[in-house]
Number of protein chains: 2
Amino acid sequence: MNLKQLSHMLSLSQTTVSRALNGYPEVSEETRRRVMDAAKRHGYRPNPSARRLATGKSGMIGYVLPTGNAVDIDPHFVEFLSGLGDYARSHELDLVLSPADADDQETTYRRIVANRQVDAVYISSPRPADRRLALVNTLGIPFIVHGRSEGFDFDYPYLDIDNEGAFHEAARLLVQLGHKRLALINGDDRETFAIHRERGVRRALAASGLTPGERHICSLTMTEENGYRAARRLLEESEPPTAIVCSSLIMALGVVRALRDLGLTIPSDLSLVAHDDVFPWLRPENFPVPLSTTRSSIRLAGARIAERLAARISGLEEGARGEVWPVDLVVRGSVAGAPG
Amino acid sequence: MNLKQLSHMLSLSQTTVSRALNGYPEVSEETRRRVMDAAKRHGYRPNPSARRLATGKSGMIGYVLPTGNAVDIDPHFVEFLSGLGDYARSHELDLVLSPADADDQETTYRRIVANRQVDAVYISSPRPADRRLALVNTLGIPFIVHGRSEGFDFDYPYLDIDNEGAFHEAARLLVQLGHKRLALINGDDRETFAIHRERGVRRALAASGLTPGERHICSLTMTEENGYRAARRLLEESEPPTAIVCSSLIMALGVVRALRDLGLTIPSDLSLVAHDDVFPWLRPENFPVPLSTTRSSIRLAGARIAERLAARISGLEEGARGEVWPVDLVVRGSVAGAPG
DNA sequence: CAAATCAGCCAAAGCGCTTTGGAAGACTCT
DNA sequence: AGAGTCTTCCAAAGCGCTTTGGCTGATTTG
């Protein structure tokens, strides 16, 4: 059932039927009702390919997926996706993943924009002065950044959590508990989120006249093994930290393992706080000692981004609005006063 | 730059240019070369929307993503995606994720097929007599199942690992080591993979005249917490198992935690084997006691599925070919003879 | 009352590609 | 030499929608 057939059986022109269905004003209410009725009754669904060719709109949002043999997709992605799906599902919005060589994403961005494959894109894990951002900005496709970049002379729309604030709070708490030697096991510090977190920690320390030890700030990809290694290295120093702030639950698993290997206990020997993106399959309250966390649901962020992208596509949202979500500090048994 | 312009500047018809570019035989080699050259030089890229409208082919593969408030996307998905991307990247194949209400995926399948949004789909986590499979089979769109279903009177193309064999081997090893009380902490047993795993374990036990205790086979969604709970329940029985086979590393984390809480040690009190899908961020060799695993890279499966889908789309693969990958049993320190 | 306005509809021209059904010319074959 | 056969190309008809530009008859306006 296509437009031609439908309009024919209504004895109307395709123009009128099309306009009736798309809510244009130049069609009488009665006609519109008739058309709508018939469309529903016959299960008419406009062919998206045709609509697309005519309008250039695809009804999909895009994401360029960095891939490569040495490239692992962030496990957070799946939770983000859950959120995105939660919103998109009810709006018949599909998501197009365009895999790209991690070292040459530009080609892919250009392709999907030139081909009008998607109406909007989102960008995640941005770095300072991220080229993708500059590119997408000049290409003129609607977009939203999940996270923030830095060092641009233009503004852009984003959704981020207050990473600096969160880690500032966490570190401040630890300092208040008397910790003088505080370490940060951070994610990849080429990414902005990690930079912000480090900034938060440093600021909290500085406020009490402390500076982190040279090697007490480390940056690694967020695996259990790296958490272990970092913790091990830190705790075997001559003056080990008495508190650690950690950028992910997965790394925290490794930290906990390292402590065990060294015969140290939480929180008497070491206080630990980690960031929790809220995975359903790994919860901080279920750590051997319940883990204090800075918590922010990445899934909710996914839903919000979908919502905002939809708004941008339909022109309801404009400009470079940035949105920063506060982060909860949830204190559990893994923190205590600094050891004697 | 579109076809019209290109053909005009070559003084050829659109027909000829189109045919030259698409490799049809009825154009001379010389002309083809001229056309190819000009196309490359001017960076001509056929407009996919137009091509799509004309041919009905989209150059994308689809996946219906079950979503909902109570629905969590499987964390394995991300690794699978990495693999899919590895292949798709080099073939300019995009992946369309269509989020759907987990309880009504049929509507979405019908929509993407009717709209010809994608050229092929894949289905994951199938259940016995899975309705999606029957649906997709009748809709006539090329597809591949990741995993297997059961109870159909038709064959279908799939890629699966030998779950039964893997768990049979694992259980057999434990039995050979003298374990009489063996428990299985399985994933959701409405899914075929879990059924196969259970079958493997039962078969190994039966071969030595053993049957698993009533409550020694449990089925739960694969979270750390569920692993903990199941292990705890099992080990607090009057006749606790001396060996556990576990369907995922994440659950195994919980098992290890439970053991610790109960003051038990691996492998002297309990032998443990888990299935490893090969996550970059959590490795069995890094468990407190290196974990024995049945190992199969889900990422490689993703790449293979992409490859086969592409082959199906282009007609290179036909029929209901099933492919079953063997699974490695990797023995590490977590298994030992049954305690005294 | 003629002129201007307006609501409501339509025919047709795109969008940019593929594909059908020839047609023209070159070549073979008897 | 004329009939048949290839080879190589083309014009035009789709694919199914949106949108431009106008037309008609009814209503308002000076």
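Letters A, B, ... mirror the listed sequences (proteins, then strands); counts begin at 1. All heavy atoms count here, side chains included; hydrogens, waters and symmetry mates do not.
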Could you tell me the separation between the [atom1] atom of [X] and the [atom2] atom of [N], rounded to a whole number of Å?
| X | N | atom1 | atom2 | value |
| --- | --- | --- | --- | --- |
| A:L53 | D:dC15 | CG | P | 14 Å |
| A:L12 | C:dA12 | CG | P | 17 Å |
| A:R45 | D:dC17 | CZ | C1' | 15 Å |
| B:K4 | D:dA11 | NZ | P | 12 Å |
| B:Q5 | C:dG16 | CD | C1' | 10 Å |
| A:H8 | D:dG16 | NE2 | P | 16 Å |
| B:N2 | C:dG14 | CG | P | 13 Å |
| A:R52 | C:dC17 | CZ | C1' | 14 Å |

Name the one of B:F77, B:Y156, B:F80, B:W325 that satisfies ring pair (Phe, Tyr, Trp, His ring centres under 6.0 Å) with B:H146?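 Passing option: B:F80.
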Under 3.5 Å, is there a donor on one side chain and an acceptor on the other for A:R148 and A:T192? no
Could you write nucleotides 18-28 of chain C as a row of B, S and -, 5' to 3', where a protein heavy atom under 4.0 Å of any base atom gives B, of only sugar-phosphate atoms gives S, and otherwise -? BBBB-------
Evaluate the side-chain proximity of B:I61 to B:D119: yes if any heavy-atom separation is below 4.5 Å, no if none is. no
If you define the side chain from C-beta out and look only at heavy atoms, does anything of A:L81 sit under 4.5 Å from A:L95?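 Sidechains of A:L95 and A:L81: in contact.
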Donor-acceptor contacts under 3.5 Å from residues 17-26 of chain A side chains, at least two apart:
residue : atom : partner : partner atom : Å
A:N22   : OD1  : A:R51   : NH2          : 3.3
A:N22   : ND2  : A:S18   : O            : 3.2

Along DNA chain D (nearest heavy atom to each residue), the more 5'-positioned of A:M1 and B:R32: B:R32
Identify, with sequence neighbours excluded, every residue that meets side chain to side chain donor-acceptor pair (under 3.5 Å) alongside A:T31. A:S28
Please determine if B:E106 and B:R132 form a salt bridge, counting it only when a charged side-chain N lies under 4.0 Å from a carboxylate O.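 Looking at B:E106 and B:R132, the cut-off is not met.
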B:S49 near the nucleic acid: base, sugar-phosphate alone, or nothing, with a heavy-atom cut-off under 4.0 Å? nothing
Identify whether any heavy atom of B:S11 sits under 4.0 Å from a base atom; if not, whether one sits that close to sugar-phosphate; answer base, sugar-phosphate or nothing.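 Counting heavy atoms under 4.0 Å across all strands, the contact made by B:S11 is with sugar-phosphate only.
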